[in-house]
Every structure is written in C-alpha cells, then in structure tokens.
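Working notes for the structure below.
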Protein chains: 2
Amino acid sequence: MVRWEPGTRERLYAAALELFATRGYEQTTAAEIAQSIGLSERTFFRHFADKREVLFAGQGEFLGVFLAGVADAPASAGPLELVTASLRAAATMFPDQRRSDVRLRQSVVAANAALGEREQHKMAVVAAALSGALRERGVDEPAATLAARSAITVFSVAVAQWVRPDEQRSMGELLERTTAELVALMTGATTAVSTTETMTAR
Amino acid sequence: MVRWEPGTRERLYAAALELFATRGYEQTTAAEIAQSIGLSERTFFRHFADKREVLFAGQGEFLGVFLAGVADAPASAGPLELVTASLRAAATMFPDQRRSDVRLRQSVVAANAALGEREQHKMAVVAAALSGALRERGVDEPAATLAARSAITVFSVAVAQWVRPDEQRSMGELLERTTAELVALMTGATTAVSTTETMTAR
C-alpha cells in the first residue's frame, strides 16, 4: 500500500524550486530534489512525471480559473468586461503569501530557454481557450482572439511586475493598473508623455 | 567550386511547401524535397540547415523589417504610432503575390504542434526586440512591452485573416482594421454590439 503523506507534493515543489534556483535547473535531478528533503526518487515520481513537471503541474486548474472568471461574468458583459472578470479570477491564484515561491519559479523559468518556450506555450494555450470561451459568450472574431490575447499580455506583464524585488502591490491591483495602462495606450493617452520625453532627449 | 544557381533557394522553398502540404511535414525528407525538382540532397543542405529551417529561414530579416518601421517613425511618435509604423513596415513583406505561399506555409505550421510552438517563439522574439526598440525611443515600461505585444497580437490576427480562402483585402488594410478593432475593444466601443448579441441569444 502506498501511504499518501499530506504535504509531500508541496514539500517536493519547494525543494525543487530551491535547488533549481541555487544549483540551476539543468544541474538538478529528480533524485536530488527528493533526497534534499529525505525522500526517495520513487516518491518524487509518484507526484511528478519529471522535474520539468514540477514547474508546470496544475496547468489544467490554472486554465480552469481563467475560464471560471468568464463563466461567472454577468450575461450583459462585453468582451472587455469578460476578460477583466477572467483576470480578476486569475488574481486569486496569486495571494501575497505565494509571491516568494512564484518569484523563485519565474527566475528559474527565465534562466532556461526551453522552460521559457514551455511557459510561452502554456500561456498560448490559455489564450486559445479563453478566446473560445469568449466566442461561446457571443463575442465575434477577431474581437474574441484580440481580447483573449490582450488579457494574456496584461497577465504576463502584471506577473513580471508582481515578482519584482520590493514590489508590495497585490496581483489584483497590478492587473487592474496594467489593464488601465493598455487601455490608455490604445486610446493614445500616454502618447503625450512619451513625446515630451523624446523631445527632451534631443 | 560550388556553382550558385540563382533561384535555387526559392525553388527549394516552393518544392518544400508543396510536399509539406500534400504529404505532411513529418513524412517529407530534405532529400525528397531536393529530388522533387531534380536536385541533390547536398544542394538542399547548401541552402538550408534542415527541413524545418525552410519554414523559418529569413527570421533575422523578418525581425529587421519590424524594427526598421520603428526606426523610420518621426521623433514625435508615441508608443501607438511607433508600433503602427512597425506594422506598416511589416505589411510590405506580404504583397498579394505572396499570399498563396504564405497560406500554404501557415497551413503546414498549424498542422504540426512543434512547428506551432516554434512560430510562437519566433513572434515572441519579435515582440521582445520591438519592446526594446520602443524603450530606446523613450517609451517607459510597462507601456513598451504592452505596445509591442499588442502589435504582435494584431499582426498574428491579421495574417490569419489574410490567408483565409477568398480573402481579397491587402495585408496593409487588414493590419489597419485589426488595430482599429483592438482600439475599439479596449475603449469598450464593441461592448454594445456584443451585449445585443448575448441578449438576442437568450
């Protein structure tokens, strides 16, 4: 009988992040991750298919939260409201107590080209599913794809900001600010600022 | 002495697209591509590193055109104008006479998951370089990243439209329309339409 120890998966995740960040992802094996917290390689493979999977586990749930945000939005919501609801739901996956773990994870992913491509692919999958959910809510193409990809752009920029050293603002606040920034950009509201900077630089 | 036959590269490209589209990418070898137009495998490898490279050759020039658009924009241009200039430059790479080749290429890339990921990566590289060019023009973060990624979103959506069967509009026109659609979306201008549709559907 396999005894399922509660918290083992979480401990393996924390141990993997720690080793990936200090020794490097390439230089760390599944056996070393397990051994660093007194577990066997076999235990590791009961929880994760491989060491990469530690960084990309729970992708289905991750996607599900984005889609739940759309599903829970009121029937009257237009495309911008639908993706805003999706982002608001996504923000709940990033409470402040997860910030240091996510920071570590992002630094590991950023340091390895293949992991970076895997992360891009993960977000492209979310964007594709989100645009499908928007179409089901009556949003036409290309608006559905434009809105979904814009939401993913906002999400990626907000996460990158959220994990910066000394950043104190919540993920919810950063998502809201980044959305506002994108809206301002598209309406040309930030053009004046940039023009001034360019002129000063001359 | 290697004799450089003018047009060989272009003929190999056309032959590869044809075979990838009819037989499938996986099922086609470099040797078969060369032989289909009476050339040797050795000749193929003088022009392309491997069969995948046929689909992604010229990536440096591709990126360069996006950046040239920014470089040629007037000093007074804000972030939205800068990326619009970049897209206008990119449109010149898609004259109507290239439409059937690009259509074939897109169908090959869409049919193979690994090629799709490679294409995503290619566009992510363009987005990163474009945001760098915007920062050099005095655009702050996160505006530079938001504007660059939005431009790539617009580009991808416009290309997908451009290669549709029976599509007649030019790439320039589709880029302009898609940009306008994104702006309308972000300002909530299309919300009313979508709400009406949702209400009708109830």
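Here is the naming used below: chain letters follow the sequence lines, and residue numbers restart at 1 for every chain. Predicted model, so just to flag it, every value in this text is computed and none were measured.
- The parts of A/Thr178 that come within reach of chain B are both its backbone and its side chain, each placing non-hydrogen atoms under 4.5 angstrom from that chain.
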Can B/His121 and A/Gln120 be said to form a side chain to side chain contact (heavy atoms under 4.5 Å, CB included), step by step? CA-CA 8 Å; B/His121 175 67; A/Gln120 274 168 22; 3.9 Å; yes
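- Options B/Val83, B/Ile152, B/Thr153 differ in how many heavy-atom pairs under 4.5 Å they form with chain A, and the most are formed by B/Thr153.
- Environment of CZ in B/Arg177: sparse, with no more than 12 heavy atoms of neighbouring residues, nucleotides or ligands closer than 6.0 Å.
- Residue B/Gln168 qualifies as open at atom CD: its count of foreign heavy atoms under 6.0 Å is 12 or below.
- Scanning all heavy atoms of the two residues, the minimum distance from A/Leu146 to B/Glu181 falls at CD1-CG, 3.6 Å.
- Between B/Ser150 and A/Leu182, the shortest heavy-atom distance links the atoms OG-CD1, 3.4 Å.
- Of the listed residues (A/Val157, A/Thr179, A/Thr145), the one with the most heavy-atom contacts under 4.5 Å to chain B is A/Val157.
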